[in-house]
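Worksheet: one structure, shown below.
Just so it is clear, the values below take in all heavy atoms, side chains as well, and ignore hydrogens, waters and symmetry mates. Index from 1, following the sequence. Remember, it's a predicted structure, so these values are computed and weren't measured experimentally.
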Amino acid sequence: MEKILQKKFEQKSNETTEAGIPFYVFSKERSKSRGIFKDHFKLPIINSHHFLVTDLKDEFNSVLDVGATDRRWKKRIEKRWPGIHYFSCDLDQTNYHNYYSWEQIDREFDLVLCIEILEHLSAEKAFELVKLSSSICKPGGYILFTVPNVYTPGIQLEFTHQTAYGINDIGGLCLLSGLNIISGARIFTKSARHQIVHKYFFYWLHRLLRIDFCQSIALLLRKPELNKKL
């Protein structure tokens with residue numbers, strides 16, 4: 001009888017999240033992320049998601065830009081790391097890309113970029129993309145995710161957006177995928193004057209109302225290195 005009840009409990013648990021993850025499992029990993037990012041409004045503010053990557057001292061030989069659209073980040077990446085091999089992957093065949101499906105990818109990369117992609121997917125597909133990104137990232141390599149900031153009014157309201165994420169939601173999914181959290185940030189792309197007004201004059205109001213002014217959030221992760229043989 002106990003085994004039957006346990007089986008029913010497990011079956012029910014598998015239905016507790018749209019990503020197909022038992023809620024108590026996801027909640028545990030999300031709590032770990034909250035231990036790192038204790039308050040959304042204390043996340044540092046950067047002007048571009050690339051600042052999280054370009055501050056790294058690591059030298060990258062290869063990068064994969066997932067959902068690269070018009071390959072707009074190619075020049076900036078190549079300027080930062082001269083000689084880097086840039087690859088792009090996108091379903092859209094109206095632009096040139098190295099890969100048009102995940103099945104075509106036959107190598108690993110030092111850096112994987114997923115800029116404003118997860119929100120366009122269902123929770124199940126987003127979790128799958130996180131795991132796939134990890135699978136084609138070299139051991140010791142990095143993955144960068146950005147998504148619209150759900151604390152900023154109107155940012156998530158776009159008809160192609162399917163799922164909303166806080167930074168700890170992404171953090172939980174990434175920890176479940178075996179990735180390590182390196183850093184996180186809020187992205188504000190408008191002028192420095194606008195940032196000063198919001199950050200120093202209206203900061204107390206943003207905190208009080210729990211309404212942010214930054215357009216996106218970014219999360220930088222690292223894939224664990226393989227254990228060295230003795």
Given 3.5 Å as the limit, does a donor-acceptor pair link the side chain of [X] with the main chain of [Y], or not?
| X | Y | answer |
| --- | --- | --- |
| Gln156 | Thr163 | yes |
| His161 | Glu119 | no |
| Lys74 | Arg71 | no |
| Thr152 | Cys214 | yes |
| Asp110 | Asn61 | yes |
| Asp90 | Thr69 | yes |
| Ser31 | Ser27 | yes |

Is there a side chain to side chain contact (heavy atoms under 4.5 Å, CB included) between Phe51 and Ile45 once you walk through the steps? CA-CA 10 Å; Phe51 290 163; Ile45 298 174; over 6 Å; no
Write down the atom of [X], the atom of [Y], and the distance for their closest heavy-atom approach.
| X | Y | value |
| --- | --- | --- |
| Cys89 | His97 | N-ND1, 4.4 Å |
| Asn98 | Phe87 | OD1-CA, 3.2 Å |
| Phe188 | Gln215 | CA-OE1, 3.2 Å |
| Ile155 | Pro148 | CG2-CB, 3.3 Å |
| Gly67 | Ile117 | CA-CD1, 3.7 Å |
| Arg76 | Ser48 | NH1-OG, 2.9 Å |

Exceeds 12 heavy-atom contacts within 6.0 angstrom, atom NZ of Lys138: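 Yes, NZ of Lys138 has more than 12 neighbouring heavy atoms, counting only those of other groups under 6.0 Å.
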Check for me, please, whether [X] and [Y] land in the same ILVMFWY cluster - side-chain distances under 4.5 Å, paths through other members count.
| X | Y | answer |
| --- | --- | --- |
| Leu219 | Leu132 | yes |
| Tyr100 | Val112 | no |
| Ile77 | Tyr96 | no |
| Ile167 | Leu121 | yes |
| Leu113 | Leu91 | no |

Quick one: which of Asp106, Ile143, Ile105 gives a side-chain contact (heavy atoms from CB on, under 4.5 Å) with Ile136?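 Result: among Asp106, Ile143, Ile105, Ile105 is the only option passing the side-chain contact (heavy atoms from CB on, under 4.5 Å) with Ile136.
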What distance do [X] atom [atom1] and [Y] atom [atom2] have between them, rounded to the nearest 0.5 Å?
| X | Y | atom1 | atom2 | answer |
| --- | --- | --- | --- | --- |
| Lys32 | Lys28 | NZ | NZ | 5.5 Å |
| Tyr24 | Glu29 | OH | CD | 11.5 Å |
| Phe26 | Phe127 | CZ | CZ | 9.5 Å |
| Asp65 | Tyr99 | CG | OH | 12.5 Å |

Within a strict 4.5 Å, meaning less than it, do heavy atoms of the [X] and [Y] side chains meet?
| X | Y | value |
| --- | --- | --- |
| Ser62 | Arg107 | yes |
| Cys114 | Ser133 | yes |
| Leu52 | Leu144 | yes |
| Tyr151 | Ile217 | no |
| Val66 | Leu64 | yes |
| Val150 | Tyr165 | no |

What do you reckon, are the aromatic ring centroids of Tyr142 and Phe60 less than 6.0 Å apart?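 Yes; Phe60 has its ring centre under 6.0 Å from that of Tyr142.
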Residues in salt bridge (Lys or Arg N to Asp or Glu O under 4.0 Å) with Glu124, at least two apart?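 Partners of Glu124 under the salt bridge (Lys or Arg N to Asp or Glu O under 4.0 Å) test: none.
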Can you tell me if His120 and Thr160 form a side-chain donor-acceptor pair at under 3.5 Å?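 Thr160 and His120 do have a side-chain donor-acceptor pair below 3.5 Å.
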Do Ser122 and Gln162 have side-chain N/O donor and acceptor atoms under 3.5 Å apart?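 No, no side-chain donor-acceptor contact under 3.5 Å.
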Any salt bridge linking Lys75 with Glu78? Criterion: basic side-chain nitrogen under 4.0 Å from a carboxylate oxygen.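 So Lys75 does not pair with Glu78 through a salt bridge.
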Got a list of side-chain donor-acceptor pairs under 3.5 Å for residues 172-187, not counting sequence neighbours?
| residue | atom | partner | partner atom | Å |
| --- | --- | --- | --- | --- |
| Ser177 | OG | Leu173 | O | 3.0 |
| Arg186 | NE | Asp212 | OD2 | 3.0 |
| Arg186 | NH1 | Phe41 | O | 3.2 |
| Arg186 | NH1 | Leu43 | O | 3.2 |
| Arg186 | NH2 | Asp212 | OD1 | 2.7 |

Please evaluate residues Ser88 and Trp73 with respect to the criterion side chain to side chain contact (heavy atoms under 4.5 Å, CB included), reporting the C-alpha separation (whole Å), side-chain torsions for both, the decisive distance (0.1 Å), and the verdict. CA-CA 10 Å; Ser88 62; Trp73 306 119; over 6 Å; no
Please, which pairs that meet salt bridge (Lys or Arg N to Asp or Glu O under 4.0 Å) have at least one residue in residues 154-175, sequence neighbours excluded?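 Qualifying pairs, neighbours excluded: Arg30-Asp169.
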